[in-house]
Colleague: 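I have a structure I would like to understand better, so I am pasting it below and will then ask my questions one at a time.
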Amino acid sequence: MITTDFIQSVRWEKDHIILLDQQKLPHQTDFLKLTTIESVWESIHSLQVRGAPAIGIAAAFGLALWATKFQGDSVEDFKKELKNQKDYLATSRPTAVNLFWAIERVENAAASAQTVEAARDAVVKEALLIQKEDEEVCRSIGEYGLSLLKDGDTVLTHCNAGGIATARYGTALAPFYIAKEKGMSLSAFATETRPVLQGSRLTAWELERIGIDVTLITDNMAAHVLKNKKISAIIVGTDRIAANGDTANKIGTLGLAVLAKTFDIPFYVASPLSTIDLAVPTGDDIPIEERSPDEVTHLNGQRIAAENISIYNPAFDVTPHEYITGIITEKGIISGNFAEELQKIKTN
Ligand SMILES: CSC[C@H]1O[C@H](OP(=O)(O)O)[C@H](O)[C@@H]1O
């Protein structure tokens, strides 16, 4: 089935948020009505909304939700409580820098307000602007990403860095959306991405919906596919890029980058500038989220693993910049001296 109706993962509706529950996809397209900042925290923590830019957008709307409910006429009290709410949202997940970047931007937007009403308006306006900008940013990433590809190419991707992980288009998947618009034909291999299955549940679903020929493989098939199939490039998303270009992304990305080097396949990271964190010198400094063992031991609520065993469930790994061919941003493609290029593109 080919359909191009756009599904927005997070939508602001004046006094509530409508959020696509990504944990229910692909068999149920359920939308949640969130009316409290606590429910936004929970939706981020439980991956009902996930993907660095979408997490940032949801958190920004979480502050907007709080702001619309703030009672009181002291703008100082508003700003003090806004910081408390920002710090609360910051505890929902540790790795995707867009969460912290977005709530910081919203707090700063209210800094110069002289009244509660002006501060409230500034918060809502900034959150909406973050979402609007992200759509434009992802489209541009798609155009730059597509410039690396030609008709008939096959791209392997990991996890889901698609439209539902952002405001629209996605980052790693954005080139597919733009290719469809231009009538170009690309195909994809999607890794299932254990344990939360963002690849088999979300990327395969998203690409099939827009008419991209997508082949699903298990994570442990990647080496065989990269060795034996004609893969033009690997393109993945990211949750945080350090100042030297080391990149945190879904667990399993590092292995793909090592394989790409082994089989001489270009390995690209698609990233908005908002996901580049110059405050973090190297990948060693990126906090890696460890999630519940249940994600590894259970499938659809049924335990599949043996009992009484240790479980390790890091949600991300870090790919050293030496394994990255290029970083596709909304301002162009960076390669070579990442430290220098990232500093330049981020500060110009
Ligand atoms: C466009 S950011 C996508 C990025 O986020 C994913 O992580 P999660 O599903 O845990 O939020 C994954 O690392 C993707 O590459």
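Counting starts at 1 for both ligands and their atoms, following the listed order.
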Colleague: Do ligand 1 and Gly51 have nitrogen or oxygen atoms that lie under 3.5 Å from each other?
Modeller: yes
Colleague: With a 4.0 Å cut-off on heavy atoms, does Ala315 reach ligand 1?
Modeller: no
Colleague: Do side-chain atoms of Glu126 reach the backbone of Val124 as a donor and acceptor pair under 3.5 angstrom?
Modeller: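 Not a single qualifying donor-acceptor pair exists.
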Colleague: Counting heavy atoms only, which part of Pro53 comes closer than 4.0 Å to ligand 1: side chain, backbone, both or neither?
Modeller: side chain
Colleague: Could you check whether Glu76 pairs with Lys80 (Lys NZ or Arg NE/NH1/NH2 to Asp/Glu carboxylate O, under 4.0 Å)?
Modeller: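 The answer is no: the pair does not qualify as a salt bridge.
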Colleague: Looking at Asp264, I want to see if its CG is surrounded by more than 12 non-hydrogen atoms of other residues, nucleotides or ligands under 6.0 Å.
Modeller: no
Colleague: With a cut-off of 4.0 Å, which atoms of ligand 1 are near a heavy atom of Gly237?
Modeller: 15 (O)
Colleague: Starting from atom 2 (S) of ligand 1, what is the nearest protein heavy atom, named by residue and atom, and what distance separates them?
Modeller: Ala52 N, 3.2 Å
Colleague: Less than 4.0 Å is my threshold; does some heavy atom of Thr238 fall inside it relative to ligand 1?
Modeller: yes
Colleague: What protein heavy atom sits nearest atom 3 (C) of ligand 1, and how far away is it?
Modeller: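 I find the closest protein heavy atom is Asn160 O, 3.5 Å.
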Colleague: Answer yes or no: is there an ion pair linking Lys344 with Glu341, defined by an N-O contact shorter than 4.0 Å?
Modeller: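 Glu341 and Lys344: salt-bridged.
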Colleague: Near Gln198, which atoms of ligand 1 are under 4.0 Å from a heavy atom of that residue?
Modeller: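 The atoms of ligand 1 under 4.0 Å from a heavy atom of Gln198 are 8 (P), 9 (O), 10 (O).
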Colleague: Write out the residue and atom name of the closest protein heavy atom to atom 5 (O) of ligand 1, then the distance separating them to 0.1 Å.
Modeller: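 Nearest neighbour among protein heavy atoms for atom 5 (O) of ligand 1, to 0.1 Å: Asp239 OD2, 3.1 Å.
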Colleague: For atom 12 (C) of ligand 1, what is the nearest protein heavy atom, given as residue, atom name and distance?
Modeller: Cys159 SG, 3.4 Å
Colleague: Using 30° and 60° as the class boundaries, would you call the ring planes of Phe70 and Trp66 parallel, tilted or perpendicular?
Modeller: tilted
Colleague: Look only at interatomic distance and state if His158 has a nitrogen or oxygen under 3.5 Å from any nitrogen or oxygen of ligand 1.
Modeller: no
Colleague: So that I can tick it off, tell me whether Arg139 and Glu143 are bridged by a salt bridge, with the cut-off set at under 4.0 angstrom between side-chain N and carboxylate O.
Modeller: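 Yes, this pair counts.
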Colleague: Do any nitrogen or oxygen atoms of Arg50 come within less than 3.5 Å of a nitrogen or oxygen of ligand 1?
Modeller: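 Yes - when backbone and side-chain N and O of Arg50 are compared with those of ligand 1, one distance drops under 3.5 Å.
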Colleague: Counting heavy atoms not belonging to Glu117, are there more than 12 under 6.0 Å from its CD?
Modeller: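 Check fails, neighbour count at 12 or below.
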Colleague: Does any N or O in the side chain of Ser140 come within less than 3.5 Å of the main-chain N or O of Val137, such that one atom is a donor and the other an acceptor?
Modeller: no
Colleague: Decide, yes or no, whether a salt bridge links Glu104 with Lys86 under the criterion of side-chain N to carboxylate O below 4.0 Å.
Modeller: yes
Colleague: How close does the nearest protein non-hydrogen atom get to atom 14 (C) of ligand 1, and which residue and atom is it?
Modeller: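 The closest one turns out to be Asn249 OD1, 3.5 Å.
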Colleague: Test your reading of the structure: does Arg93 have an N or O sitting under 3.5 Å from an N or O of ligand 1?
Modeller: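 N/O-N/O distance below 3.5 Å exists for this pair.
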Colleague: Under 4.0 Å from a heavy atom of Thr171: which atoms of ligand 1 are those, numbered in the order shown and with their elements?
Modeller: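 In order of numbering, the contacting atoms are 1 (C).
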Colleague: Looking at Asp219 and Arg194, is any side-chain nitrogen of the basic one under 4.0 Å from a carboxylate oxygen of the acidic one?
Modeller: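 Between Asp219 and Arg194 there is no salt bridge, as every charged N stays at least 4.0 Å from the carboxylate O atoms.
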